[in-house]
Engineer: 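Dropping the structure in here first, questions after.
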Amino acid sequence: MIVYRHTVFGNPIAHSKSPQIHQLFAAQHGIEIDYTRTLVSTETGAFAQAAQDFFAQGGCGANVTLPFKTAAYEFCQTLSDEARAAGAANTLIRQADGTILGHNTDGIGLVRDLTEHLAQSLRGKRLLILGAGGATRGIVLPLLARQPESITIANRSPEKAINLAKQFQVQAARFDELNSGFDVVMNATSSSVSQDLPAVSAQIFSGCLMAYDLFYAPEPTRFMQWASEHGAAQTADGLGMLVGQAAAAYEAWHGFAPDISPVIKQMKQEIAA
Ligand code: NDP
């Protein structure tokens, strides 16, 4: 039986759930994979060397996490539209001619979680994204592909939101001018990492159908609780996005689209245990 070799590169990497998630996909698919974690030094050139060695030794696809997504983007010979838009690659795919294609599946993962697992249609909806860092850069293009009525990006440092809004031809707003009028609110700031809340009015949740925190934790995040208390009909954290981005990578490598819902449920139980 063929055993397909995969890894996830990062630093730190011991915490990564990717090996477990991909083994659950392989079990659905009925194939065998060997999926490892690779700790890479942050010295200049170390990522490119590690990636080159992995593919030279027969690896067929890899994931990339912090802080190497930009180095991965620079390493690849070709890039998907999503990777180009994000300026970052989280998935490396060895092609038939041996060259490496860089892809970014973070936004695809978020959209799959929202639309498939959480059954939230995005078509014709007014979307608000808080934050203008790497995560936001990766999610705007796949969100636009779902034909929302509008996307507004707001950031604590407003110039970053203005720049991203120009790049994607969407709207920008300052934190202090946000009010009601959004169907889906996404927290793509890293405020939840320190259990902070972004300094915006709770009015943004008035009439809101879904408040989604890209961060995930064993318990509902402070942002999710705050959103529920102020009118959001439904809330979710970013565990489904994590599983969704892994599923899109798996599909790019193996041509098989895993069912994400049972994997999200299982990972949720394990994180809570
Ligand atoms: P970046 O460091 O690239 O960007 C951080 C962003 O958060 C900036 O816009 C920054 O604003 C803003 N920010 C930080 N602290 C605060 C605060 N206290 N109040 C308001 N804004 C704040 O991070 P990423 O974009 O890579 O990640 C953002 C979040 O998304 C993280 O929580 C991360 O865990 C999550 N994520 C989840 C994924 C998943 O699969 N579930 C995948 C990728 C990311 P400013 O510009 O003003 O500094």
Side-chain angles (χ1 to χ4, degrees), residues 8 10-13 15-18 20-22 63-73 82-83 85-91 103-114 117-118 128-143 152-165 167-168 172-176 178 185-202 204 211-218 220-224 226-227 235-250 260 263-264 267-268 271:
V8 55
N11 188 339
I13 198 61
H15 66 286
S16 173
K17 309 257 179 285
S18 292
Q20 205 180 343
I21 293 171
H22 281 274
N63 287 124
V64 183
T65 187
L66 297 177
F68 300 116
K69 292 185 186 182
T70 310
Y73 175 84
E82 290 82 2
N90 75 337
T91 301
H103 191 21
N104 192 309
T105 62
D106 281 338
I108 300 169
L110 170 68
V111 167
R112 283 196 66 180
D113 187 30
L114 281 168
H117 179 62
L118 299 166
L128 171 63
I129 305 174
L130 301 173
T136 298
R137 194 181 291 276
I139 65 178
V140 179
L141 194 68
L143 288 170
T152 303
I153 302 175
N155 195 47
R156 182 175 61 179
S157 317
E159 69 284 359
K160 282 200 209 164
I162 292 168
N163 289 341
L164 275 193
Q167 177 188 340
F168 291 104
R174 291 197 321 269
F175 268 8
D176 62 8
L178 290 174
V185 174
M186 286 159 276
N187 181 21
T189 75
S190 45
S191 60
S192 293
V193 176
S194 47
Q195 299 194 3
D196 267 346
L197 292 174
V200 294
S201 162
I204 59 171
Y212 190 102
D213 196 347
L214 272 64
F215 186 76
Y216 65 86
T221 66
R222 197 172 155 207
F223 179 85
M224 290 162 66
W226 185 51
T235 63
D237 72 15
L239 182 65
M241 173 178 174
L242 179 77
V243 174
Q245 64 76 29
Y250 191 95
I260 59 172
V263 177
I264 295 169
M267 294 308 297
K268 202 156 252 171
I271 284 169

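Please read these numbers as outputs of a predicted model, since none were measured by experiment. What you see below is based on every heavy atom in this structure, not just the backbone, and it leaves out hydrogens, waters and symmetry mates. Counting convention: from 1, in listed order, for ligands and their atoms alike.
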Engineer: Phe223: what forms a ring-ring contact (aromatic ring centres under 6.0 Å, His included) with it, not counting sequence neighbours?
Structural biologist: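 With sequence neighbours excluded, Phe223 shows a ring-ring contact (aromatic ring centres under 6.0 Å, His included) to Phe205, given in chain and number order.
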Engineer: Answer yes if the side chains of Arg137 and Gln167 hold a donor-acceptor pair under 3.5 Å, and no otherwise.
Structural biologist: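 Side chains of Arg137 and Gln167: pair found under 3.5 Å.
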Engineer: Check whether the side chains of Asp237 and Thr221 place a donor and an acceptor atom closer than 3.5 Å, and report yes or no.
Structural biologist: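 Asp237 vs Thr221: no donor-acceptor pair found between side chains.
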Engineer: Using salt bridge (charged side-chain N to carboxylate O under 4.0 Å, His left out), reason through Arg222 and Asp213 one step at a time and then give a plain yes or no.
Structural biologist: CA-CA 9 Å; Arg222 197 172 155 207; Asp213 196 347; over 6 Å; no
Engineer: Of Ile139, Leu143, Asp106, which is the lone residue that meets side chain to side chain contact (heavy atoms under 4.5 Å, CB included) with Val111?
Structural biologist: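 Among Ile139, Leu143, Asp106, the one meeting side chain to side chain contact (heavy atoms under 4.5 Å, CB included) with Val111 is Leu143.
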Engineer: Are a donor atom and an acceptor atom from the side chains of Asn90 and His103 found within less than 3.5 Å of each other?
Structural biologist: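 Distance-only check fails for Asn90 and His103.
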Engineer: Please output the residues near ligand 1 using a strict heavy-atom distance under 4.0 Å, listed in chain and residue-number order.
Structural biologist: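 Answer by chain and number: Gly131, Ala132, Gly133, Gly134, Ala135, Asn155, Arg156, Ser157, Lys160, Phe175, Ala188, Thr189, Ser190, Ser191, Val193, Asp196, Pro198, Leu214, Phe215, Gly238, Met241, Leu242.
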